[in-house]
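Each ligand, and each atom within it, is numbered from 1 in the order the structure gives.
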Amino acid sequence: MKLQIYLQKSGVGSRRKCAGIIERGLVTVNGERQTVFWHEIEVGRDLVEVSGKAVSIVDEKFYYILNKPLGYVCANSDGFNTPTVFDFIRERYGIEEKLHSVGRLDKNTTGLLILTNDGDFTNAVIHPGRKVDKVYRALVKGIVSENQKKEFENGVDMDGYRTAPAKMEIIEETGDGNSLVEITIHEGKKRQVRIMCRSIGHEVVELQRIRIGNLTLDGVNEAGDLIKIDGEILFKRLGYNQKGWCSK
Ligand code: URA
């Protein structure tokens, strides 16, 4: 990260003010005076001081997209020592930052999962009024009839909670008498897709999330793939513009 941006993100002042501070020779990096605005700082490694006082980025936000592999939980712990997605990214990618997932996928669900340390962003995205599409591909047991599809789309009862209207598209009947369907919901209740499918008589065999808003698995095509994404791009793909979050 450029020195000037580093100072700004550390709360030293506006970009302009930081430029002035650098120009006046008040900044040292690892003990050496640094007057080049774009001098590259290795965040977390380099010691940056202004007038002899160390400054550091306290509030850098990180956003990652993971194609969640099978067998990992999104909670920090499930009490059974099941490996978590955070164990996975630490072991595979060396990511040590403290992150949380934006909503959860079950242990046996794969696909699109956002990981971040930005709690405000997470609350905004999972807010029930936001109605961001969450799209899943599900392989379900048996052949889904038109009536069952309608029943699903009108909303089903989940332990006294009526799910909001949803969408189901039947993609194909697989050779072995099962069905591949694409499901769109806006809510994020625990095990919602599995429970909704079961309630119309079709157990889920495999489940993958393929889209949230306009965010797809592009760039993370294989299970286990991870990319870091710029916050602004991510916000836009999830339906945020200058007027704020667009609700449906
Ligand atoms: N619905 C489910 O049943 N499981 C998930 O992981 C996500 C949505």
Side-chain angles (χ1 to χ4, degrees), residues 64-80 82-89 99-116 122-142 144 148-149 151-171 178-217 220-226 234 237-239 248:
Y64 294 93
I65 301 172
L66 174 68
N67 186 337
K68 178 190 169 294
L70 265 186
Y72 293 86
V73 292
C74 294
N76 281 320
S77 151
D78 66 349
F80 298 101
T82 311
T84 71
V85 291
F86 309 107
D87 296 330
F88 176 79
I89 62 168
L99 302 172
H100 59 264
S101 64
V102 179
R104 288 184 180 177
L105 292 178
D106 303 332
K107 180 178 162 196
N108 291 323
T109 303
T110 60
L112 193 55
L113 185 69
I114 303 169
L115 303 174
T116 182
T122 304
N123 290 335
V125 173
I126 63 177
H127 188 281
R130 196 114 298 136
K131 294 196 176 152
V132 179
D133 281 351
K134 298 184 187 92
V135 185
Y136 296 85
R137 279 270 164 120
L139 179 67
V140 298
K141 278 196 184 152
V144 181
Q148 288 169 326
K149 173 174 131 74
E151 202 186 317
F152 182 97
E153 291 187 329
N154 288 336
V156 304
D157 182 67
M158 269 178 73
D159 264 344
Y161 172 81
R162 182 107 201 139
T163 61
K167 264 201 229 150
M168 178 186 276
E169 190 188 337
I170 300 167
I171 308 287
N178 292 332
S179 307
L180 185 63
V181 295
E182 194 167 296
I183 288 165
T184 305
I185 59 172
H186 300 130
E187 302 145 299
K189 301 271 173 221
K190 196 170 175 195
R191 301 180 71 77
Q192 181 164 349
V193 171
R194 291 173 197 275
I195 295 170
M196 288 178 77
C197 289
R198 186 180 306 139
S199 84
I200 59 157
H202 295 280
E203 200 72 34
V204 169
V205 184
E206 283 172 23
L207 186 61
Q208 183 193 30
R209 181 154 65 192
I210 58 170
R211 184 161 70 76
I212 307 172
N214 287 328
L215 185 72
T216 65
L217 287 166
V220 286
N221 300 44
E222 302 293 326
D225 283 356
L226 178 88
L234 179 61
R237 295 221 181 131
L238 295 177
K248 289 209 158 174

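Judged purely by atom type and a 3.5 angstrom limit, Lys141 has no side-chain atom pairing as donor or acceptor with the backbone of Glu203. Using modelled atom types, no side-chain atom of Lys190 and backbone atom of Asp106 make a donor-acceptor pair closer than 3.5 Å.
Using modelled atom types and a 3.5 Å distance limit, the side chains of Thr109 and Arg194 yield a donor-acceptor pair. Using modelled atom types, one finds no donor on one side chain facing an acceptor on the other under 3.5 Å when comparing His202 with Ser179.
Contact atoms of ligand 1 toward Thr109: 4 (N), 5 (C), 6 (O) (distance under 4.0 Å to a heavy atom of the residue).
The shortest N/O to N/O separation between Lys189 and ligand 1 does not fall below 3.5 Å. Looking at Leu105 next to ligand 1, no N or O pair under 3.5 Å apart turns up. Where the criterion is an N or O separation shorter than 3.5 Å, residue side chain and backbone included, Arg104 fails it with respect to ligand 1.
Proximity of Val204 to ligand 1, defined as any heavy-atom pair under 4.0 Å, is not found for any part of the residue.
Between Lys134, Arg191, Met196, Lys68, it is Arg191 that holds the heavy atom closest to atom 2 (C) of ligand 1.
Screening His186, Lys189, Gln192 against Thr163 for a side chain to side chain contact (heavy atoms under 4.5 Å, CB included) leaves a single residue, Gln192.
Closest to atom 4 (N) of ligand 1 among all protein heavy atoms lies Asp106 OD2, 2.7 Å. Regarding atom 1 (N) of ligand 1, its nearest protein heavy-atom neighbour is Val193 N, 3.1 Å. Nearest non-hydrogen protein atom to atom 8 (C) of ligand 1 is Tyr136 OH, 3.4 Å.
Contact check for Tyr161 versus Glu187: side-chain heavy atoms found under the 4.5 Å cut-off. Counting heavy atoms from C-beta on, the side chains of Val102 and Ile212 never come closer than 4.5 Å.
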